[in-house]
Amino acid sequence: MTTTASDPVAADLGQASARAGLGLHHLRYVLAAAEQGGFRRAARHLGVQQSAVSRRIQELENRLGAPIFERGPQGVRLTSAGEDFVRGAQGAVGKLDLAVDRAGEAGRGDHGVLRVGVLAGLGGGPLQALLGHLVRGEPGLGVDLVEGDARVLGAALAHGRLDVGFLLAEPRRLTLARAWRERLMVAVPIDDHLAAASSVVWADLAGRRLLIADPIVRAVDDLASRRLGRGAVRSVGRAATPASVGRLVALGQGLGIVNEGDACRVTGVAYRPLARSFLTFDAVLGRRPEKPILRRLLSLLPGAT
């Protein structure tokens, strides 16, 4: 249906926000502060000064006549009015971003581009093989890899900015398909007695310090708790990527646990399989019109029939 300026509904759209002097920058600052839990962290995330975030949010609260955040020494917390506002703002910004993405795709002829979300620091092994198989069968296909943590990728999928993402946790209210299972590997110094073993069991890790890459730390920590019980591991250190885990193991900082596809060759480090231990990755579909190439990708998943 074509909308014209004479349409009274269309003419009223945006009037309330216009009267409040509400701009897109207000929405983005509020959403960042809500997601990051503080103005300072929001400013760092957005790459602006903290004073700019604080000033814009205070300006918005004054115009709305209601506080959006409760300020405290530990950060900020949404008020009940703020929770309502953020829910609406998330939907509005998500729809605007989606409209911009789609318009840009149409202008560039990017319907042959697949936007894929990948947990930052991962992406080797099964995913590399899967995308490689897809591209070989579709020579004109472009692949846009977007890295981020599970929260960022989940939001991008929910707002339709990605076609598909490969995640360990299942985002709520999004369609998913089982993608693959990937073996866990233990990174050990070559002079450690475990390097002589063909495989490692969880009991071998009791009392040891474990190093885990950020993208898989929650899944591995949960698995360790189930297999060993809380407190059986001496401590858990985090590293940004599996490559960083390998380098820290080489420096004698502990034993590492990584997914097999991203186990990186590091001098002085050996990798041994962790018995009966796997991570399950899901293909999560974004809320955007499905592209034919996405159906082809899903048909290539190991669990597809």
Side-chain angles (χ1 to χ4, degrees), residues 118-130 147-151 153-154 165-172 176-284 301-303:
V118 183
L119 291 169
L122 304 188
L127 179 57
Q128 188 72 22
L130 175 68
E147 291 194 342
D149 61 26
R151 178 185 59 78
L153 294 179
F166 292 94
L167 304 177
L168 288 167
E170 301 179 1
R172 292 177 294 177
L176 58 87
R178 191 69 74 220
W180 64 80
R181 291 206 316 162
E182 195 166 342
R183 183 187 298 275
L184 285 175
M185 307 292 289
V186 181
V188 300
I190 57 174
D191 58 356
D192 190 286
H193 72 277
L194 291 179
S198 59
S199 65
V200 176
V201 297
W202 280 99
D204 294 328
L205 306 181
R208 304 293 295 265
R209 182 170 191 260
L210 299 184
L211 302 163
I212 307 172
D214 278 337
I216 66 172
V217 67
R218 180 174 296 180
V220 173
D221 192 38
D222 288 345
L223 189 56
S225 297
R226 291 199 303 271
R227 296 292 178 86
L228 293 174
R230 290 287 178 187
V233 174
R234 182 160 63 85
S235 65
V236 174
R238 300 174 65 160
T241 66
S244 298
V245 169
R247 287 191 286 269
L248 288 171
V249 170
L251 293 172
Q253 299 303 298
L255 303 179
I257 297 183
V258 302
N259 52 308
E260 186 174 17
D262 292 294
C264 301
R265 185 185 300 274
V266 178
T267 301
V269 174
Y271 291 92
R272 298 292 179 262
L274 185 55
R276 295 182 290 108
S277 298
F278 298 85
L279 296 180
T280 299
F281 286 82
D282 294 314
V284 184
L301 294 177

Considering all heavy atoms, the nearest L301-A283 contact: CD1-CB, 4.1 Å
Heavy-atom side-chain proximity of V266 to V249 below 4.5 angstrom: no
Closest non-hydrogen atom pair, G256 against V245: CA-CG1, 3.6 Å
Of all heavy-atom pairs between A213 and T241, which one has the smallest distance, and what is that distance? CB-C, 3.6 Å
Does the S244 side chain pair with the main chain of P242, one donor and one acceptor, at a distance under 3.5 Å? no
In this structure, CE of M185 is separated from OG of S277 (nearest 0.5 Å) by 11.5 Å
Atom pair CG (D262) and CD (Q128), whose distance is rounded to the nearest 0.5 Å: 9.5 Å
I'd like to know whether CZ of R151 has more than 12 heavy-atom contacts from other residues, nucleotides or ligands below 6.0 angstrom. yes
Is I257 close to L205 at the side-chain level, that is, under 4.5 Å between some pair of heavy atoms? yes
With side chains defined as the heavy atoms from C-beta onward, is the minimum distance between L167 and D282 less than 4.5 Å? no
Contacts of type side chain to side chain donor-acceptor pair (under 3.5 Å), residue R276, not counting sequence neighbours: none
Any residue meeting side chain to side chain donor-acceptor pair (under 3.5 Å) with D204, in chain and number order, not counting sequence neighbours: none
Check whether Y271 reaches the backbone of R265 with its side chain - one donor and one acceptor, N or O, closer than 3.5 Å. no
Would you give the length of the straight line joining atom CG of L274 to atom CZ of R227, rounded to the nearest 0.5 angstrom? 7.5 Å
Could you name each residue pair satisfying salt bridge (Lys or Arg N to Asp or Glu O under 4.0 Å) that touches residues 238-256, not counting sequence neighbours? D214-R238
Which heavy atom of A195 sits nearest to which heavy atom of P189, and what is that distance? CB-O, 3.7 Å
Please report the shortest heavy-atom distance between A270 and I190, naming the atom on each side. N-CG2, 4.0 Å
Within-4.5 Å side-chain heavy-atom neighbours: L194 and R208: yes
Kindly write out the residues that satisfy ring-ring contact (aromatic ring centres under 6.0 Å, His included) with F166, not counting sequence neighbours, or none if the list is empty. W180
Can you tell me how far apart CG (L223) and CZ (F278) are? Round to the nearest 0.5 Å. 11.0 Å
With the side chain counted from C-beta on, respond yes when L184 and P273 share a heavy-atom pair under 4.5 Å apart, and no when they do not. no
Side-chain donor or acceptor of R272 paired with backbone N/O of A197 under 3.5 Å: yes
Distance, nearest 0.5 Å, that separates CG of L168 from OG1 of T280: 8.0 Å
Checking S225 now: which residues fulfil side chain to side chain contact (heavy atoms under 4.5 Å, CB included) with it, not counting sequence neighbours? D221, R230
Where is the tightest heavy-atom contact between L279 and A219, given as atom of each residue plus distance? CD2-CB, 3.8 Å
At what distance, to the nearest 0.5 angstrom, does CG of N259 lie from CZ of R183? 12.5 Å
Considering only distance and modelled atom types, tabulate donor-acceptor pairs under 3.5 Å from the side chains of residues 119-126, sequence neighbours left out.
none

